[in-house]
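Single-structure report; data block below.
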Number of protein chains: 2
Amino acid sequence: MAATAAESALDVALGPPAKTPKGEQTRALILSTALELFRERGYEETTMRAIAQRAGVALGNAYYYFRSKEHLIQAFYARSHEEHLEAARPVLEREKDLKERLRDVVYAKIRTSEPYHRFSGILFKTAADPHSPLSPFSPESSPTRRESTALFAEVLFGSNTKVHPDLADELPNLLWLYQMGIILFWIHDDSPGRRRTYLLVEHTVDLVARTIGLASNPLLVPLRKRVLALLRDLKS
Amino acid sequence: MAATAAESALDVALGPPAKTPKGEQTRALILSTALELFRERGYEETTMRAIAQRAGVALGNAYYYFRSKEHLIQAFYARSHEEHLEAARPVLEREKDLKERLRDVVYAKIRTSEPYHRFSGILFKTAADPHSPLSPFSPESSPTRRESTALFAEVLFGSNTKVHPDLADELPNLLWLYQMGIILFWIHDDSPGRRRTYLLVEHTVDLVARTIGLASNPLLVPLRKRVLALLRDLKS
DNA sequence: GTCTATAACCGGATAGAC
DNA sequence: GTCTATCCGGTTATAGAC
């Protein structure tokens with residue numbers, strides 16, 4: 001189920017041309033060559049010509065499969081999410097405590113992204129541009145975003161913390177946003193072993209989990225209502 | 001005082017060549033022409049050749065004053081901050097309530113940035129890359145950032161809210177970060193009249209101001225200590 | 001120190017032949 | 001699906017004028 005969903009996201013991310021098995025193979029070759037070079041030299045330093053050459057295809061052929069250099073990033077998103085899913089699955093099956101689940105899922109994201117730390121800076125570059133189809137908020141990214149959000153829904157509803165029904169719709173989105181914030185921090189984090197990022201997660205995850213648990217507390221009803229009203233208004 | 005500081009930031013942003021009055025004038029001409037074109041057509045669609053042509057200078061001359069197209073953005077930062085300062089000054093003199101001060105200063109930022117809303121997307125693109133000298137977190141940007149932070153220090157300490165001394169060092173930074181978050185939202189906000197952004201500010205500013213006021217409350221000592229410890233650790 | 005003119009390089013992107 | 005040729009614009013280089 002999760003795997004099927006991930007594949008569909010990949011399709012969207014990778015775009016139309018994927019008819020024949022051979023074509024599929026060529027695209028995969030180009031993509032992995034590209035990521036290889038990105039890891040080795042960084043994004044800016046990797047030219048489309050270099051990618052094509054190492055992959056043993058013509059420049060134009062690379063553009064046949066990927067509309068632009070940036071679209072390689074979109075494909076990377078999708079692949080990265082798949083790896084995240086896989087790394088997160090065991091935790092979700094084993095652990096039932098919300099805080100632990102949340103922490104381990106976020107850790108999984110960071111761990112699986114680590115080989116691309118340098119490259120990810122560029123990734124966020126395109127992410128911040130609202131009109132780019134590569135923005136995580138863009139319609140083009142919505143499949144991957146939806147799946148990523150679904151993962152957080154599972155973090156939430158598979159835990160033994162009672163989630164107040166009012167929050168059920170919005171919380172997964174907010175957790176996804178929380179993870180985006182962590183990643184933004186991680187991108188700027190050059191401490192050894194990404195110490196700072198882990199520190200930040202360790203502390204904030206506790207805060208988040210506690211807040212979710214407390215949200216049912218009668219004392220917090222007005223605050224909860226207010227936050228929910230704001231969220232609703234922001235969408236309209 | 002504020003003006004002097006702003007000028008020094010401009011100098012850094014604009015770079016070395018600025019000896020003669022004539023040169024100063026030429027640079028200003030190139031910059032305003034560029035911003036004009038950015039506003040009209042957007043960043044990507046504006047070529048350096050077009051900027052040079054409309055400014056009536058040779059292409060090489062544009063590069064004489066601005067190391068790259070992106071460096072025009074750095075200059076834009078500095079200019080934008082100056083306008084923000086100017087727009088914020090009357091508020092800071094008139095109003096003493098923390099919440100009002102904070103809101104109006106953030107509003108001033110949004111209002112003065114409004115003509116560049118489209119362009120600002122690109123701006124954030126480059127901002128998000130941690131290795132770019134244009135990142136607001138980079139050393140190159142630190143003068144403008146420092147001044148921007150100083151503005152929030154004034155918001156804080158010029159108000160009639162008692163700020164707990166433990167927080168004095170960090171709060172201005174956090175408020176600056178808060179404003180960055182608002183701007184990130186604003187960039188993605190295409191609602192008429194930027195309704196959503198104003199809504200978000202309206203609600204969160206209240207939360208922020210309240211939290212600052214409550215931070216002295218004995219009940220919150222443990223939380224305050226914890227947050228401060230985290231912030232300290234994140235820097236080490 | 002400022003500025004012009006012009007040519008060239010490089011790499012992302014496109015067109016069109018096969 | 002794949003290739004070659006070409007365009008376009010950021011950037012650099014040069015050589016020289018005021």
Side-chain angles (χ1 to χ4, degrees), chain A residues 14-31 33-35 37-38 40-76 119 122-123 125-126 129 131-134, chain B residues 11 14-31 33-35 37-38 40-76 119 122-123 125-126 129 132-134:
Chain A
L14 295 177
K19 313 299 170 184
T20 77
K22 183 173 59 146
E24 198 55 67
Q25 203 179 337
T26 309
R27 158 190 291 144
L29 172 65
I30 294 172
L31 176 56
T33 306
L35 293 181
L37 282 167
F38 289 161
E40 279 177 31
R41 319 183 183 169
Y43 180 78
E44 312 277 18
E45 292 69 27
T46 302
T47 70
M48 289 297 279
R49 283 161 174 93
I51 295 169
Q53 190 177 13
R54 187 182 289 191
V57 302
L59 175 60
N61 203 10
Y63 278 100
Y64 176 75
Y65 287 107
F66 300 93
R67 283 229 283 269
S68 75
K69 192 178 173 187
E70 289 201 334
H71 276 75
L72 285 163
I73 297 176
Q74 184 86 295
F76 166 72
F119 166 51
I122 304 299
L123 196 149
K125 246 181 109 149
T126 70
D129 177 6
H131 299 298
S132 161
L134 295 165
Chain B
D11 289 350
L14 296 177
K19 312 300 172 185
T20 76
K22 183 172 60 149
E24 197 55 67
Q25 203 180 337
T26 307
R27 159 191 289 143
L29 172 66
I30 294 171
L31 176 56
T33 307
L35 294 181
L37 281 166
F38 290 160
E40 280 177 32
R41 318 182 184 170
Y43 181 77
E44 313 277 18
E45 293 69 26
T46 302
T47 70
M48 288 297 279
R49 286 164 173 91
I51 294 169
Q53 189 176 13
R54 186 181 291 189
V57 302
L59 176 60
N61 203 9
Y63 278 99
Y64 178 74
Y65 286 108
F66 300 93
R67 284 231 282 269
S68 73
K69 194 178 172 185
E70 287 201 337
H71 276 76
L72 285 163
I73 296 176
Q74 186 86 293
F76 167 72
F119 167 51
I122 303 298
L123 197 149
K125 241 181 114 150
T126 71
D129 177 5
S132 159
L134 294 166

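Keep in mind that this is a model prediction, so the values were computed, not measured. Chain identifiers are assigned alphabetically (A, B, ...) following the order of the sequence lines, protein sequences preceding nucleic acid strands; residue numbering begins at 1 within each chain.
Taking 4.0 angstrom as the limit, Y64(A) places none of its side-chain polar atoms (N or O) nearer than this to OP1 or OP2 of dT2(D). Look at T20(B) and you won't find any side-chain N or O under 4.0 angstrom from OP1 or OP2 of dG1(C). OP1 or OP2 of dG12(C) has at least one side-chain nitrogen or oxygen of K69(A) nearer than 4.0 Å. Between dC3(C) and T26(B), a contact under 4.0 Å exists linking OP1 or OP2 to a side-chain N or O.
Protein atom CZ of F66(B) is 12 Å distant from nucleotide atom P of dC3(C), rounded to whole Å. Between the P atom of dT11(D) and the CD atom of E44(A) lies a distance of 11 Å, rounded to the nearest Å. Y43(B) has its OH atom 12 Å from the C1' atom of dG9(D), to the nearest Å. Distance, I73(A) CD1 to dG12(C) C1': 13 Å, rounded to whole Å. Rounded to whole Å, atom P of dG10(D) lies 17 Å from atom CG of N61(B). The nearest whole Å value for the distance from the CE atom in M48(A) to the C1' atom in dA5(D) is 17 Å.
Non-hydrogen atoms lying under 4.0 Å from DNA chain C are contributed by R49(A), L59(A), all within residues 49-60 of chain A.
Counting heavy atoms from C-beta on, the side chains of I73(A) and Y43(A) come closer than 4.5 Å. Using a 4.5 Å cut-off on side-chain heavy atoms (C-beta onward), Y65(A) and H71(A) make no contact.
Residue-environment remark: CD (E45(B)) exceeds the threshold of 12 foreign heavy atoms within 6.0 Å. The neighbour count for Q53(B) CD, taken as heavy atoms of other residues, nucleotides or ligands under 6.0 Å away, does not exceed 12.
The side-chain hydrogen bond (donor to acceptor under 3.5 Å, both in side chains) search around R54(A) returns E36(A), E40(A), not counting sequence neighbours. In this structure, the side-chain contact (heavy atoms from CB on, under 4.5 Å) partners of Y63(B), at least two apart in sequence or on a different chain, are M48(B), L59(B).
Of the candidate nucleotides dC3(C), dT14(C), dT2(D), dT14(C) has the atom nearest to the side chain of Y63(A).
F76(B) has its ring centre less than 6.0 Å from the ring centre of F119(B).
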